[in-house]
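Here the structure is a predicted model, which is why all the values come from computation and not from measurement. We name chains A, B, ... by the order of the sequence lines, and we start the count at 1 in each one.
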2 protein chains.
Amino acid sequence: MQITIDIDSATPLFSQLVMQIKQAVERGLIQPGDPLPSIRQLANDLDMNNKTVAKAYRLLERDSVIETKGYRGTFIHPDARANCTVDLNAWVKKQLNETISAFRKAGVTDSEIRIAFADVLNQSTGGSHD
Amino acid sequence: MQITIDIDSATPLFSQLVMQIKQAVERGLIQPGDPLPSIRQLANDLDMNNKTVAKAYRLLERDSVIETKGYRGTFIHPDARANCTVDLNAWVKKQLNETISAFRKAGVTDSEIRIAFADVLNQSTGGSHD
DNA sequence: AGTTGTACCATTAGTACACACGGTACATAT
DNA sequence: ATATGTACCGTGTGTACTAATGGTACAACT
């Protein structure tokens, strides 16, 4: 499989990686069970930082598109094809849209919404992760 | 009624103004129908900018704690006492907390939530005001 | 020894926003 | 003329976040 990263693109590098791997799964270029290059290996190939690749892998595993087996490496998840079409992001946006619309109807300023949002997100953060 | 503004406080000036006026209403120091100083007047007295006072007045009117009658000045709203105990901000935070908690349970990253939030808020902005 | 994913320390550049400020202008009224 | 609230143009400072980079270290396995 081929991965092309555009440094000059507005979309973040880790996002490009996530999208391209999902596409490859959807198109059947990589099958469930197939091994993926190691984080360090891929970072070296694409000439980017380990952390950036690790971030992409982390998100892909969160979505159950890939499976990391510790020291044994990373593999395509059995249900990858089904899972990579599930758009968690779209659901989040839909929910937020409803909530925000309700706020606006109540006369709440966008500025106020932003501040309250930042408050809630930061305050109740047990573990923030990346 | 006395208004004390603390320049060195962490809470914004307009917020201090809003709170103090609400407090004065709650304590009965000012009654419904009572006139408030004009924006320019109060700004001059408190040694702050017109816009800052105007912002406080705008929010107070949004909450129906005060009533502006154009060129005739600004007055305490008839239902001020009831309205100034209604905490719109607390409601917003409660809603957001529920929404965000649901996201986190679904495994959505705080970072992703922030991005989605910014997207939704900016995209569907009809009129943003302040 | 070498590799796996992962966790911790950190910095840099860029962006976005809140807050407060200044000036100017308007319609509406006394 | 003078005063009201309101609207527009803008500036500056501080904060907070993202994205990406670097280095070091760990446990678990081949």
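Within the 4.0 Å cut-off from OP1 or OP2 of dT4(C), at least one side-chain nitrogen or oxygen of Ser38(A) is found. The side chain of Thr74(A) contributes no N or O atom lying less than 4.0 Å from OP1 or OP2 of dT4(C). Here Ser111(B) reaches the OP1 or OP2 of dA19(D): one of its side-chain N or O atoms lies under 4.0 Å away. Between Asn49(B) and dA20(C), a side-chain N or O to OP1/OP2 separation shorter than 4.0 Å is absent. The side chain of Arg58(A) contributes no N or O atom lying less than 4.0 Å from OP1 or OP2 of dT6(C). OP1 and OP2 of dA20(C) both lie 4.0 Å or more from every side-chain N or O belonging to Lys55(B). Applying the 4.0 Å criterion to OP1 and OP2 of dA16(D), one finds that Asn122(A) has every side-chain N and O outside that range. Contact annotation: Thr52(A) reaches the phosphate of dT21(D) (side-chain N/O to OP1 or OP2, under 4.0 Å).
Closest to the side chain of Arg114(B), out of dT6(D), dA18(C), dT18(D), is dT18(D). Checking dC19(C), dA20(D), dT6(D) against every side-chain atom of Ile39(B), the shortest atom distance belongs to dT6(D). Closest to the side chain of Lys51(B), out of dA7(D), dT21(D), dA20(C), is dA7(D). You'll find that the side chain of Leu13(B) is closest to dC21(C), out of dT6(D), dC21(C), dT21(D).
Taking the six-membered ring where tryptophan is involved, the planes of Trp91(B) and Phe103(A) are perpendicular, since the angle between them exceeds 60° and thus also 30°.
In terms of polar N and O atoms assigned as donor or acceptor, the side chain of Arg40(A) comes within less than 3.5 Å of the base of dG5(C) in a complementary pairing.
Residues Asn83(A) and Asp63(A) approach most closely at CB-O, 3.4 Å, considering heavy atoms.
Between Thr74(A) and Glu67(A), every side-chain heavy-atom pair lies at or beyond the 4.5 Å cut-off.
Atom CG of Asp6(B) is surrounded by more than 12 heavy atoms from other residues, nucleotides or ligands within 6.0 Å.
Both Glu61(A) and Tyr71(B) sit near DNA chain C, but only Glu61(A) has its closest nucleotide nearer the 5' end.
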